[in-house]
Amino acid sequence: MSKNLSELSGRKGVKDSLFNRLGKLAERTGTPETEDLDRLAEEFLVGKANVYGTTTFYDFLKPENKGKKIYVCNGTACVCAGTQKEVISKLEEKFHPDEIGHMTCLGRCHENKAFFYDGKNYSGDAIEQLDDILSEKKEKKDRYHVQAIGKQILTAPFSSVEEYYQPFFKALKEEKTVVLEEIKKSNLRGRGGAGFPMGMKLDFCRKEENEIKFIICNADEGDPGAYSDRYLLEVQPHSVLFGMLISGYVTGAKYGVLYIRAEYPEAVETVQDAIEELRTRGWIGENILGSGFSFDFQIIQAQGSYICGEETALINSIEGQRPEVRVRPPYPAQQGLFNKPTVVNNVETLSALHFIIEKGGEAWKKIGTEKSSGTKLVSLDSFFNRPGIYEVEMGTPLEKVIEAAGGFKQEIKAMQIGGPLGGVVPVEKIKDLNLDFESFANNGFLLGHASIVSIPKDFPMMRFIEHLFDFAAYESCGKCFPCRLGTKRGHELTKGALEGKNKIDIELFNDLLETLEQGSLCAHGGGIPLPIKNILHYFKEEINSYFKK
Ligand SMILES: Cc1cc2nc3c(=O)[nH]c(=O)nc-3n(C[C@H](O)[C@H](O)[C@H](O)COP(=O)(O)O)c2cc1C
Ligand code: SF4
């Protein structure tokens, strides 16, 4: 059935997608009207239940959120900083509590107090200027530190569009396989979490015989604590577009889709402007500069759902289907968007291609460690003296990054690194870690997207576990039982324990974690036990009283 839905959804292509149309319909009241949904179902030849099922999934489409006027960030960094109660109480002076919704996360982890109003994000002291924001729609750009420790590649100042795209023009004159070989040589591994070699993925897609193929940029950076993709999209948009053009060239894909999260409205604008700049210059479209290569971009604005960052849920989302994770195989490189061969890559992975194409794969491979090549962006939260985006050579000691950021503002006891599915690193382990995939994995953690959320000394670890389960249950796509039920049960158990209603049976709890880890279909349910196990291991004393033998 869903195979047919993919084909049906693909009839109109990405330019006029069911999903974008749903988003447009929700702009006025916060949710599409039922008659509009019926009309859309008819137009796209899909069942009404399918369109309804999609609409009720997303924060910005679901009927429950109708009438919400302002949203407060409840991501892990804002929760740990403890700033959001004050934000809510200030907002309640101007809005009815029913008009205030929640968003996770706005990527303002470097200054917290984050909220979203009328298509713009605000943070830091913006809440003090609420009157101006509401009356004048005053914009308030956030500021954060951007620094390279070692080689500066992804954060290097932008030269000019003319200069920047020279390596692309040069590549267009080369054989596709020659260009691909440089990417393979670089051993660039995906920055979205799994670390899969990019060159291999491009090659799988290249080998598929199909007139229609897609390159998708996964700009759904949903990990609370991470805002490095936001930085690239807002400040270095051409690096992302460049990477997609090269990926399109080597695979034979003609379409590039940027799936950008709704929580990053400014990113949508900057990327669209960059696309238009390329269009004006004639560097995208049909038969680019007479090379025979055609490529164009389409932005799809997401509608608020963490699981859409998982690549197959993301594909379902673009198709206007309920974004449930797909069973693999087939992999997206064989059957992805509209069942066509598709490469999905993270923003940062794509941004690395400029250096590789300009300087060669060997040059990238020489940076970092043998298995983790190149540089990596790290997002630091407001507990650092100089929070911001730090570009580090893979293999850089974690201690060095903390030092470069001026150390911590206040005492912390641990950090969650790599998003909600990343490990919880106690301060005493900092000295053992280097920023690369292997160092983290060998020490029982996960590099992930390398975002750092600090957990202050006085933040209860049991509360942190409860927050993780709450997040995982809310964001579960519901496709498989271990995650759909397990995250909910985990939340009930931990919430009850915090409220003094129950003690947790440790055997049952371990069994639950094991079931999640082993039985979940994707890394959402499969990954959430890692930080919890870290806490059980490193903070046993602190949380012991919540458990019974
Ligand atoms: C629950 C979940 C959320 C994810 N969220 C993101 C995300 O926000 N951005 C991202 O690039 N990858 C995310 N991923 C990883 C993607 O599924 C996929 O591996 C990635 O986009 C591939 O790109 P890469 O090879 O360049 O890393 C997520 C995976 C899971 C399981
Ligand atoms: S683990 Fe969770 S998010 Fe992943 S497929 Fe199962 S229900 Fe969906």
Side-chain angles (χ1 to χ4, degrees), residues 57 104-105 107 183 188-202 204-205 215-230 232-233 240 243-244 247 257-261 263-264 302 305-317 322-328 331-333 336 342-353 374 376-377 379 418-422 437 446-451 469 471-488 490 515-530:
F57 194 95
T104 320
C105 111
I183 302 172
L188 170 63
R189 291 170 63 185
R191 301 314 200 217
F196 193 80
M198 184 192 205
M200 271 170 79
K201 218 191 286 192
L202 291 172
F204 292 147
C205 183
I215 302 299
I216 296 180
C217 168
N218 186 343
D220 198 43
E221 187 178 52
D223 284 356
Y227 54 103
S228 43
D229 288 352
R230 176 167 82 83
L232 290 169
L233 296 161
V240 188
M244 293 179 76
S247 300
V257 182
L258 294 117
Y259 187 90
I260 307 181
R261 61 200 301 258
E263 293 83 348
Y264 288 177
S305 160
Y306 174 73
I307 198 59
C308 288
E310 196 286 333
E311 59 185 12
T312 60
L314 186 153
I315 288 170
N316 274 342
S317 176
R322 204 168 159 83
E324 287 179 351
V325 169
R326 291 182 183 178
V327 177
R328 280 154 287 199
Y331 290 91
T342 301
V343 175
V344 184
N345 271 125
N346 169 255
V347 170
E348 190 178 328
T349 320
L350 288 159
S351 295
L353 285 194
K376 173 84 198 83
L377 298 184
S379 317
L421 315 176
F437 294 112
L446 186 96
L447 181 65
H449 202 35
S451 53
F469 268 132
F471 174 83
Y474 184 80
E475 300 293 351
S476 166
C477 83
K479 172 102 167 186
C480 70
F481 295 131
C483 170
R484 183 166 86 201
L485 304 177
T487 52
K488 189 78 190 153
T515 307
L516 276 163
E517 215 167 49
Q518 305 290 327
S520 296
L521 177 61
C522 85
H524 183 69
I528 204 71
L530 175 71

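All figures in this text were calculated on a predicted structure; none of them were measured in a lab. We count ligands from 1, going down the list as the structure has it; atoms in each ligand are counted the same way.
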To the nearest 0.5 angstrom, please state how far the [atom1] atom of [X] sits from the [atom2] atom of [Y].
X: Glu348; Y: Leu188; atom1: CD; atom2: CG; result: 9.5 Å
X: Glu475; Y: Thr104; atom1: CD; atom2: OG1; result: 6.0 Å
X: Ile183; Y: Leu202; atom1: CD1; atom2: CG; result: 5.5 Å

In terms of side-chain geometry, is the basic nitrogen of Arg326 or Glu311 positioned less than 4.0 Å from the acidic oxygen of its partner? no
Ion pair check, Glu310 and Lys479, cut-off under 4.0 Å: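 A salt bridge is absent here (no side-chain N lies under 4.0 Å from a carboxylate O).
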What protein heavy atom sits nearest [atom], and how far away is it?
atom: atom 18 (C) of ligand 1; result: Glu311 OE1, 3.6 Å
atom: atom 26 (O) of ligand 1; result: Thr349 OG1, 2.7 Å
atom: atom 21 (O) of ligand 1; result: Asn218 ND2, 2.9 Å

Please indicate how many protein N/O/S atoms are found closer than 2.8 Å to atom 4 (Fe) of ligand 2, with waters neither displayed nor included.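 Considering protein N, O and S only, atom 4 (Fe) of ligand 2 has 1 within range.
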Heteroatom distance test ([X], ligand 1): nitrogen or oxygen, under 3.5 angstrom:
X: Asp220; answer: yes
X: Lys201; answer: yes
X: Gly192; answer: yes
X: Asp223; answer: no
X: Asn346; answer: yes
X: Gly309; answer: yes

Would you say the side chain of [Y] lies within less than 4.5 Å of the side chain of [X], judging by non-hydrogen atoms?
X: Glu221; Y: Val347; answer: no
X: Ile215; Y: Ser247; answer: yes
X: Thr342; Y: Val257; answer: no
X: Asp223; Y: Pro420; answer: yes
X: Leu353; Y: Met198; answer: yes

Checking the side chain of [X] only, and the main-chain atoms of [Y] only, is there a donor and an acceptor separated by less than 3.5 Å?
X: Thr349; Y: Arg191; result: yes
X: Thr487; Y: Cys483; result: yes
X: Ser379; Y: Tyr227; result: yes

Ligand-residue contact atoms, ligand 1 with [X], heavy atoms, under 4.0 Å:
X: His524; result: 1 (C), 31 (C)
X: Val344; result: 21 (O), 22 (C), 23 (O)
X: Gly222; result: 8 (O)
X: Ile307; result: 1 (C)
X: Arg191; result: 26 (O), 27 (O)

Return the orientation label for the His524 and Tyr306 ring planes: parallel under 30°, perpendicular over 60°, tilted otherwise.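 The rings of His524 and Tyr306 sit tilted, inter-plane angle from 30° to 60°.
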Should the proximity of [X] to ligand 1, defined as any heavy atom under 4.0 Å, be assigned to the side chain, the backbone, both, or neither?
X: Leu314; result: neither
X: Asn345; result: both
X: Glu310; result: both

Closest approach of Leu350 and Cys217, non-hydrogen atoms and distance?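 The pair with the smallest heavy-atom distance is CD1-CB, 3.6 Å.
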As an exercise, identify every atom of ligand 2 less than 4.0 angstrom from a heavy atom of Gly478.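 Reading through ligand 2 atom by atom, the close ones are 7 (S), 8 (Fe).
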